[in-house]
There are 2 protein chains.
Amino acid sequence: MESKGAATRALILETAMRLFQERGYGKTTMRAIAEAAGVSVGNAYYYFSSKEQLIQGFYDRLQQEHAEAARQVLANETDLARRLGGVLHAWLDVAEPYHQFAAQFFINAADPASPLSPFSEDSEASREASIRIHADAVHGAATKMDPQLLEVLPELAWLGNMGLCLFWVHDRSEGRTQSHKLVDRCVPVAARLIKMSRYPIAKTLIREVADVAVEFGITRRTGYTKPRSS
Amino acid sequence: MESKGAATRALILETAMRLFQERGYGKTTMRAIAEAAGVSVGNAYYYFSSKEQLIQGFYDRLQQEHAEAARQVLANETDLARRLGGVLHAWLDVAEPYHQFAAQFFINAADPASPLSPFSEDSEASREASIRIHADAVHGAATKMDPQLLEVLPELAWLGNMGLCLFWVHDRSEGRTQSHKLVDRCVPVAARLIKMSRYPIAKTLIREVADVAVEFGITRRTGYTKPRSS
DNA sequence: TCCATCAGTTGAACACGTTCAAGTCCCCGT
DNA sequence: ACGGGGACTTGAACGTGTTCAACTGATGGA
């Protein structure tokens with residue numbers, strides 16, 4: 001049983017999340033978190049190496065909710081565009097309740113040096129799981145496409161999700177309707193491009209873009225070949 | 001004559017830059033800057049509202065150097081790809097000496113809430129000047145293209161520069177050769193797409209992408225209609 | 001039963017960015 | 001020559017994230 005430490009850790013995390021929601025990330029002090037949780041400041045640092053690290057737990061939770069929501073959307077859908085769009089809309093729905101306070105640190109997303117970045121090692125597990133959602137969306141579609149594109153498409157779709165996240169963070173529209181509209185406008189274009197990838201004219205260009213992305217480490221060529229067990 | 005304050009301001013800025021170069025942004029304290037400059041901490045805050053603001057001056061300087069370098073490149077070149085590439089290579093050359101310490105705060109680029117962001121109001125003048133460089137590159141080319149694309153291309157090119165900046169920040173290769181290679185690989189693809197924009201098949205798709213970008217405020221439709229005076 | 005060990009816990013102390021009330025200095029009108 | 005006012009300057013003090021040497025208490029082996 002490792003319950004003692006785990007319980008304290010969970011208590012601190014829950015308290016931090018609540019205070020972040022109530023007052024915002026910036027205005028929530030480590031002292032306030034410790035006091036509200038009934039522990040000492042040092043104790044919080046025993047479990048979380050920094051204030052930022054308190055956020056990683058939130059990321060994980062969000063990712064899991066997204067995976068679940070995406071599973072339901074993908075269950076009865078074979079159209080590529082609707083699958084890609086469904087996954088993104090699911091993300092927007094899952095993230096919506098956290099918009100106000102999530103925006104305060106999703107900012108770090110673009111900084112690979114930050115442990116909060118989706119590109120950092122600390123987030124590797126969470127990131128891989130997230131890419132797998134997009135891999136499912138791509139693989140489960142009936143659409144035919146260039147096999148070389150298929151290899152990079154899951155990661156590109158995930159990058160698209162990151163881009164959407166960046167837009168979403170600064171989306172002040174009611175209920176994030178702008179973000180939803182953006183998805184509805186972009187996904188068909190992307191789907192059309194993907195379908196075009198089978199035909200010579202587009203294939204050359206698309207492969208070149210994909211090659212460049214791989215060559216410069218912007219994405220990898222692992223198609224996440226549809227294993228799935230659950 | 002406003003030399004007294006201006007001199008102090010310049011002194012503080014120069015000192016800060018030097019220390020940032022020597023020790024890095026994070027390890028340079030405001031106290032250290034003040035001490036090295038022979039002024040008080042409060043005095044530094046009289047001229048710069050925060051530590052981050054000390055960076056804005058650096059941005060401005062970099063932008064001016066880039067404008068000058070780009071002007072020379074564009075003077076005797078009419079090929080679109082070489083103009084676009086030339087501007088980007090010029091940026092890489094100008095930025096190279098500052099790579100190590102620039103990387104420490106270019107990070108903020110993705111955060112529109114940060115005053116350091118190229119999207120913030122504080123950087124507006126600098127940003128407009130930078131977009132104009134890309135507008136020159138586009139307008140001065142002999143290449144024909146879809147007029148609707150022309151309207152958004154300068155800002156899209158500037159966004160490409162921002163993307164390059166993001167890549168460059170994390171480019172650990174000697175002399176940033178990877179970044180230069182990336183430019184050489186991407187620019188021809190972009191140029192080909194631009195040329196294709198005159199033909200119906202591509203035009204539809206490209207206009208759709210451009211429309212989405214404008215509609216969602218990712219870019220504007222101001223072509224910066226080639227004024228130029230210098 | 002006793003004690004050694006070590007995960008868990010403490011809070012004072014540190015270094016930092018930032019603020020501010022209190023100065024000092026210099027220019028200008030009288 | 002004087003004095004008022006505003007630009008400029010000061011450094012102590014504040015609140016923050018983070019560290020660390022010391023303490024506590026439970027657990028398990030002799």
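Hydrogens, waters and symmetry mates are skipped; everything else that's a heavy atom, side chains included, is used. Naming convention: chains lettered A, B, ... in sequence-line order (proteins, then strands); numbering from 1 in each chain.
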May I have the list of side-chain donor-acceptor pairs in residues 39-48 of chain B shorter than 3.5 Å, sequence neighbours left out?
unit_1	atom_1	unit_2	atom_2	d
B:Ser40	OG	B:Asn43	N	3.2

Validation: residues 26-37 of chain A side-chain donor-acceptor distances under 3.5 Å, sequence neighbours left out:
unit_1	atom_1	unit_2	atom_2	d
A:Thr28	OG1	A:Leu19	O	3.3
A:Thr28	OG1	A:Gly24	O	2.6
A:Thr29	OG1	A:Ala32	N	2.9

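Here C:dG17 presents its C1' atom at 14 Å from CD of B:Gln53, a figure rounded to the nearest Å. Remark: C1' of D:dG11 and OH of B:Tyr46 are 17 Å apart, rounded to the nearest angstrom. Going from atom CD of A:Glu35 over to atom P of D:dG15 covers 14 Å, rounded to whole Å.
Looking at residues two or more places apart in sequence or on another chain, you find no side-chain hydrogen bond (donor to acceptor under 3.5 Å, both in side chains) involving A:His66. With sequence neighbours excluded, the residues satisfying side-chain contact (heavy atoms from CB on, under 4.5 Å) with B:Glu96 are B:Trp168, B:Arg176. Residues satisfying the side-chain contact (heavy atoms from CB on, under 4.5 Å) criterion with A:Gln21, sequence neighbours excluded, are A:Tyr98, A:Phe101. Partners of A:Val212 under the side-chain contact (heavy atoms from CB on, under 4.5 Å) rule, at least two apart in sequence or in another chain, are A:Phe216, B:Leu182, B:Arg185, B:Cys186. Here B:Gln72 pairs with B:Glu68 under the side-chain contact (heavy atoms from CB on, under 4.5 Å) rule; sequence neighbours left out.
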How would you summarise protein contacts on nucleotides 16-24 of chain D per nucleotide, using B for base, S for sugar-phosphate only and - for none, with heavy-atom distances below 4.0 Å? BBBBB----
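At a cut-off of 3.5 Å, with distance as the only test, no side-chain donor of B:Gln178 or B:Ser173 sits close to an acceptor on the other residue.
At the phosphate of C:dA7, neither OP1 nor OP2 sits under 4.0 Å from any side-chain N or O atom of A:Tyr47.
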Any N/O pairs under 3.5 Å between the protein and nucleotides 25-27 of chain C? List them or say none.
none

